[in-house]
Amino acid sequence: MENNVRPSSLARITSVELANKFIDEQIKEVKAQVGDKKVLLALSGGVDSSVVAALLIKAIGKNVVCVHVNHGLLRKGEPEQVVEVFSNQLDANLVYVDACDRFLSKLENVSEPEQKRKIIGAEFIRVFEEEARKLEGIEFLAQGTIYPDILESGPVKAHHNVGGLPDDLQFELVEPLKFLYKDEVRVVGKALGLPDAMVYRQPFPGPGLGVRCLGAITRDRLEAVRESDAILREEFAKNGLEGKVWQYFTVVPDFKSVGVKDDMRTYAYPVIIRAVNTVDAMTATVENVPFELLQHITKRITTEVKNVNRVLFDLTPKPSGTIEWE
Ligand code: XMP
């Protein structure tokens with residue numbers, strides 16, 4: 001327990017200089033811990049796992065094996081960005097697993113939200129386990145655990161810990177960020193040269209778009225969530241809302257409504273826009289998005305996204321709504 005308390009000697013990392021000092025110390029510690037052995041890391045592309053990956057690549061190069069599982073529920077462009085940054089730019093030892101079909105077939109006809117989460121979590125461990133078994137001589141598992149995960153203070157559910165691996169696949173843990181707060185992790189990521197889009201990414205749940213494609217996931221609605229989310233993100237970035245709003249995304253429910261397009265009757269899905277601000281995710285307020293911008297986004301979504309004929313804006317704070325819809 002004792003080594004799970006942030007050491008008083010660790011100053012708050014608020015500048016690139018302090019981040020560089022932290023990085024140098026961690027490189028020494030990681031080298032001392034793992035020597036020339038191999039380390040496995042589940043790299044989701046989120047802030048924490050990306051910063052751990054970049055740090056370990058700096059410390060031990062190709063001895064960290066980064067496994068990126070694309071479960072088909074990531075946002076538009078995310079798997080490509082992981083490959084671009086880690087494989088192309090940082091020359092990482094990256095294993096990219098395209099598990100989209102596998103996840104989607106497991107999720108077919110499953111509509112209960114917690115059941116969906118369980119399936120996604122369990123399948124992730126199974127895919128990761130299979131990859132781990134293919135690799136020889138791995139003794140360590142790196143994780144993007146951060147201090148709030150240890151303190152268990154927030155309702156933001158940790159998704160980067162690959163708990164649940166079978167007994168014969170237990171590794172010694174490498175957790176270089178375990179005493180850092182999120183803002184410090186971002187400063188370290190910046191100092192490591194990771195792109196802003198990765199370092200300042202808004203929170204994204206482990207089950208990904210799976211909990212934003214409501215009810216039983218279908219490919220057409222999943223595509224509508226992914227494409228509308230990409231338009232929303234693009235427009236928020238263009239209009240100065242990207243760093244300002246805490247979390248924003250789209251949701252596609254599992255019902256259709258009647259509409260009209262080119263004088264023809266349509267029967268298609270609505271897209272719901274959610275944009276909220278919060279400090280700790282326990283309560284949240286709704287961002288006052290300019291109406292003209294909402295109208296512009298509506299126009300783009302209804303013309304560019306297939307199978308969609310309406311756009312709604314969620315006005316509900318938390319409580320009574322939660323941030324996610326499932
Ligand atoms: P709610 O919907 O409970 O969300 O108001 C609070 C915060 O937690 C995120 N969230 C999750 N994160 N796995 C995660 O890793 C999950 O299953 C999950 N469910 C919600 C949500 O995006 C928000 O930031």
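Sequence positions, counted from 1, serve as the residue numbers for this chain. Everything numeric in this text was worked out from a predicted model, so none of it was measured.
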Enquirer: Check side-chain hydrogen bond (donor to acceptor under 3.5 Å, both in side chains) between N277 and all other residues, then give those that pass, not counting sequence neighbours.
Expert: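 For N277 the side-chain hydrogen bond (donor to acceptor under 3.5 Å, both in side chains) partners, ignoring immediate neighbours, are E287.
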Enquirer: Can you find a side-chain donor-acceptor pair between E175 and Q143 that sits under 3.5 Å?
Expert: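 There is such a pair between these side chains.
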Enquirer: For the hydrophobic clusters of this structure (ILVMFWY residues joined by side-chain heavy atoms under 4.5 Å, transitively), does one cluster hold both V85 and I57?
Expert: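 Looking at the clustering, I57 is in the same group as V85.
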Enquirer: Sort out for me which residue in V83, N88, V82 forms a side chain to side chain contact (heavy atoms under 4.5 Å, CB included) with F86.
Expert: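 It is V82; the other options fail the test.
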Enquirer: Applying side-chain hydrogen bond (donor to acceptor under 3.5 Å, both in side chains), name anything that partners Y96, two or more places apart in sequence or on another chain.
Expert: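 Checked Y96 against side-chain hydrogen bond (donor to acceptor under 3.5 Å, both in side chains); matches are N70.
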Enquirer: With salt bridge (Lys or Arg N to Asp or Glu O under 4.0 Å) as the test, would you mind laying out the steps for E172 and K37 before giving the verdict?
Expert: CA-CA 11 Å; E172 187 178 324; K37 302 270 166 49; over 6 Å; no
Enquirer: Can you tell me if K318 uses its side chain to pair, donor with acceptor, with the backbone of A281 under 3.5 Å?
Expert: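 The answer is yes, because a donor-acceptor pair under 3.5 Å joins these two groups.
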Enquirer: Go through the steps to decide whether K238 and E234 satisfy the test side chain to side chain contact (heavy atoms under 4.5 Å, CB included), and finish with yes or no.
Expert: CA-CA 6 Å; K238 265 195 213 157; E234 190 188 317; 3.6 Å; yes
Enquirer: Using 4.0 Å as the upper bound for N to carboxylate O, is an ion pair formed by E129 and R126?
Expert: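 Answer for the salt bridge query: no.
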Enquirer: The test is side chain to side chain contact (heavy atoms under 4.5 Å, CB included); show your working for E78 and F204 and say whether it passes.
Expert: CA-CA 12 Å; E78 280 184 335; F204 187 60; 4.0 Å; yes
Enquirer: List in chain and number order the residues that pass side-chain hydrogen bond (donor to acceptor under 3.5 Å, both in side chains) with K134, two or more places apart in sequence or in another chain; answer none if no residue qualifies.
Expert: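 For K134, the residues satisfying side-chain hydrogen bond (donor to acceptor under 3.5 Å, both in side chains) (neighbours in sequence not counted) are E131.
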Enquirer: Run the side chain to side chain contact (heavy atoms under 4.5 Å, CB included) test on L141 and F128 for me, step by step, so that the C-alpha distance in whole Å, both residues' side-chain angles and the decisive distance to 0.1 Å come before the verdict.
Expert: CA-CA 12 Å; L141 179 72; F128 191 73; 3.8 Å; yes
Enquirer: Looking only at non-hydrogen atoms, find the nearest pair between A230 and K76 and report the distance.
Expert: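 Shortest heavy-atom separation between A230 and K76 comes out as CB-CD, 3.7 Å.
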Enquirer: Could you identify which residues cluster with Y267, counting Ile, Leu, Val, Met, Phe, Trp and Tyr as linked when any side-chain heavy atoms lie under 4.5 Å apart, either directly or through a chain of such contacts?
Expert: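 V258, listed by chain and number.
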Enquirer: Among pairs that include at least one residue of residues 214-224, which meet salt bridge (charged side-chain N to carboxylate O under 4.0 Å, His left out), considering only residues two or more places apart or in two chains?
Expert: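 Every salt bridge (charged side-chain N to carboxylate O under 4.0 Å, His left out) pair that includes a residue of residues 214-224, provided the two are not neighbours, is D101-R219, E223-R226.
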Enquirer: Does either side chain, that of E123 or that of H71, offer a donor lying less than 3.5 Å from an acceptor on the other one?
Expert: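 The criterion, which ignores hydrogens and geometry beyond distance, is not satisfied for H71 and E123.
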Enquirer: Has T302 got a side-chain atom pairing as donor or acceptor with R310's backbone, closer than 3.5 angstrom?
Expert: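 Side chain of T302 to backbone of R310, a donor-acceptor pair under 3.5 Å: no, none is there.
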Enquirer: For a quick test of reading the model, state the closest non-hydrogen atom pair linking G46 to R201 and the distance between them.
Expert: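 Closest approach of G46 to R201: CA-NH2, 3.4 Å.
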Enquirer: Quick one: does any side-chain atom of E326 pair with a main-chain N or O of G215 as donor and acceptor, under 3.5 Å?
Expert: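 Yes.
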Enquirer: With no hydrogens and no angle check, is any side-chain donor or acceptor of N93 less than 3.5 Å from a backbone partner on K62?
Expert: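 Side chain of N93 to backbone of K62: a pair is present.
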Enquirer: How about N288: does its CG atom have over 12 heavy atoms from other parts shown lying under 6.0 Å from it?
Expert: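 Counting neighbours around CG of N288, 12 or fewer heavy atoms of other residues, nucleotides or ligands fall under 6.0 Å, so no.
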Enquirer: What closest approach, in Å, do S228 and A224 show between heavy atoms, and which atom pair accounts for it?
Expert: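 Looking at all heavy atoms of both residues, the closest pair is OG-O, 2.6 Å.
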Enquirer: Salt bridge (charged side-chain N to carboxylate O under 4.0 Å, His left out): which pairs involve residues 251-278, sequence neighbours left out?
Expert: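 Found R274-D314.
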Enquirer: Identify whether the distance between the nearest side-chain nitrogen and carboxylate oxygen of D229 and R233 falls below 4.0 Å.
Expert: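 Yes.
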Enquirer: What is the distance from atom CZ of F22 to atom CG of L10, rounded to the nearest 0.5 Å?
Expert: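 So the CZ of F22 and the CG of L10 are separated by 6.5 Å.
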Enquirer: So which of V252, I272, I217, V225 actually passes side chain to side chain contact (heavy atoms under 4.5 Å, CB included) with R212?
Expert: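 Result for side chain to side chain contact (heavy atoms under 4.5 Å, CB included) with R212: V225.
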Enquirer: Is it the case that more than 12 heavy atoms not belonging to K178 sit under 6.0 Å from its NZ atom?
Expert: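 Enclosed: over 12 neighbouring heavy atoms sit under 6.0 Å from NZ of K178.
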Enquirer: Spell out, as yes or no, whether a donor-acceptor pair under 3.5 Å connects the side chain of Q33 to the backbone of L173.
Expert: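 Yes; judged by distance alone, with no hydrogens or angles, the pair exists.
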Enquirer: Considering all heavy atoms of both residues, which atom of L312 and which atom of P270 are nearest to each other, and what is their separation?
Expert: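 So the minimum-distance heavy-atom pair works out to CD1-CB, 4.4 Å.
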Enquirer: Should we say atom NZ of K299 is surrounded by more than 12 heavy atoms from elsewhere, each under 6.0 Å from it?
Expert: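 Check fails, neighbour count at 12 or below.
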Enquirer: Between R6 (side chain only) and F179 (backbone N and O only), is there a donor and an acceptor less than 3.5 Å apart?
Expert: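 It does hold such a pair.
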Enquirer: For the pair T303 (side chain) and R300 (backbone), establish whether a donor and an acceptor sit closer than 3.5 Å, ignoring hydrogens and angles.
Expert: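 Yes; judged by distance alone, with no hydrogens or angles, the pair exists.
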Enquirer: If we ignore hydrogens and angles and just use 3.5 Å, is the side chain of Q202 paired with the main-chain N or O of Y248 as donor and acceptor?
Expert: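 At least one qualifying donor-acceptor pair exists.
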Enquirer: Might you point out which heavy atoms bring P205 and Q247 nearest each other, and give the distance in Å?
Expert: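 Closest pair (atom of P205, atom of Q247, distance): CD-NE2, 4.4 Å.
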Enquirer: Do you know the tightest heavy-atom contact between L192 and K58?
Expert: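 Heavy atoms only, the tightest pair is CD2-CD, 3.8 Å.
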Enquirer: Once you round to the nearest 0.5 Å, how far does OG1 of T218 lie from CG of L104?
Expert: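 These two atoms lie 9.5 Å from each other.
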Enquirer: Would you say the side-chain atoms of D24 pair up with the backbone N or O of K21, donor to acceptor, closer than 3.5 Å?
Expert: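 No; judged by distance alone, with no hydrogens or angles, the pair does not exist.
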Enquirer: Could you tell me whether the side chain of T266 and the main chain of G259 form a donor-acceptor pair under 3.5 Å?
Expert: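 Yes, because the side chain of T266 sits within donor-acceptor range (under 3.5 Å) of the backbone of G259.
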